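Input: a single structure, listed below in C-alpha cells.
Quick caveat, the model's predicted, so the values are computed rather than measured.
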Amino acid sequence: MHQPSFRGVVAALSRKAPRPGLGTAVFGARLLIAFALPSHVLAHEAHPAAQPATATAVAEAPFLKENEAAMTKMMNDMEIKPSGDIDGDFVAMMTPHHQGAIDMAISELRYGKNEQLRRIAQEIIVDQLQEIAAMKLAIGEPATGSAPAPTQQQPASAAVEHHHSGMHMDMSPEMKN
C-alpha cells in the first residue's frame with residue numbers, strides 16, 4: 001500500500017483549508033511571541049516603568065506606600081496551609097482578600113479627590129465587611145463587630161474619647177488623676 005508523503009499531506013490539507021487572512025497571521029505572530037518570550041518579560045511589560053520623582057509622584061508616595069503595604073499583607077495572609085476543610089480554607093483565604101480591598105478603599109478615602117470614587121470606596125468597605133461577616137457565619141464562626149472605617153489617623157486619646165463619648169462613668173477620685 002502506498003503511504004502518502006508529508007508534503008503530499010500538507011498540500012492536500014492546504015487545498016481544503018480556508019486561506020488565512022490578516023487576523024490569522026496576527027494571531028499566529030502573537031502565539032509565536034508568547035511562546036518565544038519568557039513569562040516574566042511579558043509580566044513586566046504590563047506595568048509602566050517607574051516615573052521620575054516629580055511633584056505629583058512625591059505627593060502620591062504615601063498613597064502608593066499604603067497600597068503596597070495592603071497588597072503585601074493581603075498576599076501574605078492569603079497563603080494558608082490547607083486544613084482539609086475546603087469551606088474553611090476558602091474563608092481563610094477570602095477574608096484577607098476582602099480586607100485588602102477594604103484597606104485599599106481606605107487609602108482612596110484618605111488621599112483621593114474624585115467624589116464618585118470616594119463614594120465607591122465607601123461602598124467597597126461596607127460590602128466587603130458584610131461579605132466577610134456572611135462567610136464567617138456560613139462556616140459557624142462568629143461575625144466580627146463592625147466599626148467605622150478609619151479614614152484619618154487619630155491620636156490615641158481622641159480615639160478613646162470618641163468611643164466613650166456617649167458613656168457616663170462614675171470614676172473614683174484616684175482614677176480621675
Distance, nearest 0.5 Å, that separates [atom1] of [X] from [atom2] of [Y]:
X: R110; Y: E66; atom1: CZ; atom2: CD; answer: 4.5 Å
X: N114; Y: I120; atom1: CG; atom2: CD1; answer: 8.0 Å
X: Q128; Y: H97; atom1: CD; atom2: NE2; answer: 7.0 Å
X: I80; Y: M93; atom1: CD1; atom2: CE; answer: 4.5 Å
X: K113; Y: E108; atom1: NZ; atom2: CD; answer: 9.5 Å
X: Q99; Y: M78; atom1: CD; atom2: CE; answer: 13.0 Å

Donor-acceptor list for residues 67-76 side chains, cut-off 3.5 Å, not counting sequence neighbours:
from : atom 1 : to  : atom 2 : distance (Å)
N67  : ND2    : F63 : O      : 3.2
T72  : OG1    : E68 : O      : 2.9
K73  : NZ     : D77 : OD2    : 2.6
N76  : ND2    : T72 : O      : 3.3

Hydrophobic clusters here meaning ILVMFWY residues chained together by side-chain heavy-atom distances under 4.5 Å, can you tell me if [X] and [Y] are in one?
X: M135; Y: I139; answer: yes
X: I106; Y: L129; answer: yes
X: L109; Y: I102; answer: yes

Quick one, Q122 with I125, criterion side-chain contact (heavy atoms from CB on, under 4.5 Å). Give me CA distance, side-chain angles, the key distance, then yes/no. CA-CA 5 Å; Q122 290 170 337; I125 293 167; 5.6 Å; no
What residues, two or more places apart in sequence or in another chain, satisfy side chain to side chain donor-acceptor pair (under 3.5 Å) together with E131? H98
Picking from L137, T95, D127, what satisfies side chain to side chain contact (heavy atoms under 4.5 Å, CB included) with I132?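 Only match with I132 under side chain to side chain contact (heavy atoms under 4.5 Å, CB included): T95.
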Heavy-atom side-chain proximity of K136 to V91 below 4.5 angstrom: yes
